[in-house]
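Just below is one structure, and these are the notes that go with it.
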2 protein chains.
Amino acid sequence: MYGADLDLAQLARRFHALSDETRLRIVDLLVSGEKCVCDLQDAIGAAQSRLSFHLRVLREAGLVRDRRQGRWNFYSLRPEVLEQMAAYLRERRPDEAAWGACGCTETHEGRCCD
Amino acid sequence: MYGADLDLAQLARRFHALSDETRLRIVDLLVSGEKCVCDLQDAIGAAQSRLSFHLRVLREAGLVRDRRQGRWNFYSLRPEVLEQMAAYLRERRPDEAAWGACGCTETHEGRCCD
DNA sequence: TTGACTGATCAACGTTCGTTGATGTATTGT
DNA sequence: ACAATACATCAACGAACGTTGATCAGTCAA
């Protein structure tokens, strides 16, 4: 119960992190490996504070991690989190048996499910 | 490579559709098959207009379809779309070879990638 | 120490989102 | 024809989001 709701909030937050084009482009760039913010900045052509904002959203959703080294901050994907999200989606595909069938309860006054 | 910016906007829209707890609960309910709005309403305990709003978001993102029959409107998942999203996520997992490696370009003045 | 550089954070602003309550529109049973 | 049901749509409102420009903090080289 509690756990389920917590997971829903977590999940919503993770999907939200991917609901923006700029962040999707960041993810694309990180597929080839860890990148520092300045390189992402060059690649995306976004203002520094804007990029920082989006990286924060991705980080707080758990999709990326950051690693400080000297004056650079390196960001990388967390593949296990992407995998969890993919698994969620695959688990939500309805059974073929349920396709097109009305799954309504029989509690209607009229006849919902003829 | 994978699709152009058009697809990015579409993708962002689809992830946005899953970025809300109410909509995630709707998806959960639809896994067991097609449902009419009134049953979703009972199951979720949301106001009718609120539910209608969320169903519209899911529909316009392509995650569900609706089917009118008599005075009922039946919603169901579109499994192929969920599958596409899952595939996207699995394709974005970095190669293991790239884990932890700095993929920065060599264009920095200082030494970013020692 | 000074100055250049990386990057986070903040305030301000306009835009989008989600909720509520009301109204509109089919469809159906009486 | 009338009333009830199922559902979409609208207007209004506050909350959350994304952008910009400014400021601040830490690191490094000269």
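Chain identifiers are assigned alphabetically (A, B, ...) following the order of the sequence lines, protein sequences preceding nucleic acid strands; residue numbering begins at 1 within each chain.
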Round to the nearest Å and state the distance from [X] atom [atom1] to [N] atom [atom2].
X      : N       : atom1 : atom2 : value
D42(B) : dC7(D)  : CG    : P     : 10 Å
L18(A) : dC17(D) : CG    : P     : 15 Å
L24(B) : dG18(C) : CG    : C1'   : 15 Å
I26(B) : dG18(C) : CD1   : P     : 11 Å
L55(A) : dT19(D) : CG    : P     : 12 Å
F74(A) : dG7(C)  : CZ    : P     : 8 Å
D66(B) : dC7(D)  : CG    : P     : 11 Å
D39(A) : dT6(C)  : CG    : C1'   : 12 Å

Practice task
Specify the residue among S49(B) and S49(A) whose closest nucleotide of DNA chain D lies further upstream toward the 5′ end.
Solution key: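 By nearest-heavy-atom nucleotide position, the 5'-most residue is S49(B).
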
Within the structure, does a side-chain N or O atom of [X] lie under 4.0 Å from either OP1 or OP2 of [N]?
X      : N       : value
R50(A) : dT19(D) : yes
R68(B) : dA8(D)  : no
S52(B) : dA8(D)  : yes
R56(B) : dA8(D)  : no
Y75(B) : dA6(D)  : no

Exercise for the section: Assign R23(A) to base, sugar-phosphate, or nothing according to its heavy-atom contacts below 4.0 angstrom with the strands shown. Expected result: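 Result for R23(A) = sugar-phosphate.
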
Taking the side chain of [X] as heavy atoms from C-beta outward, which of [options] is closest to it?
X      : options                   : result
Q48(A) : dG7(C), dA4(C), dT19(D)   : dG7(C)
W72(A) : dT6(C), dG21(C), dA8(D)   : dT6(C)
R71(B) : dA22(D), dT28(C), dG18(C) : dT28(C)
H54(A) : dA8(D), dC17(D), dT19(D)  : dT19(D)
N73(A) : dA8(C), dG18(D), dG18(C)  : dA8(C)
F53(A) : dT19(D), dT9(D), dG7(C)   : dT19(D)

Problem - Flag if over 12 foreign heavy atoms under 6.0 Å of CZ, R13(A) - result: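 At most 12 heavy atoms, drawn from other residues, nucleotides or ligands, come within 6.0 Å of this atom.
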
Exercise for the section: Salt-bridge test for R56(B) and E60(B): reply yes if a basic N is under 4.0 Å from a carboxylate O, no otherwise. Expected result: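 A salt bridge links R56(B) with E60(B).
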
Problem - Between R67(B) and Q69(B), a side-chain donor and acceptor under 3.5 Å - result: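 Yes, Q69(B) and R67(B) have a side-chain donor paired with an acceptor closer than 3.5 Å.
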
Practice task
Keeping the roles fixed (side chain from R23(A), backbone from A17(A)), state whether a donor-acceptor pair exists under 3.5 Å.
Solution key: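 Indeed, once roles are kept as given, a pair shorter than 3.5 Å links the two residues.
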
Practice task
Would you check if the side chain of R65(B) reaches a backbone N or O of L77(B) as a donor-acceptor pair within less than 3.5 Å?
Solution key: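 Yes, the answer is positive, given that a donor and an acceptor are paired below the 3.5 Å cut-off.
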
Handout entry: Value rounded to 0.5 Å, distance of CZ in F74(A) from CG in L30(A)
Key =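 If I round to the nearest 0.5 Å, the distance is 12.5 Å.
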
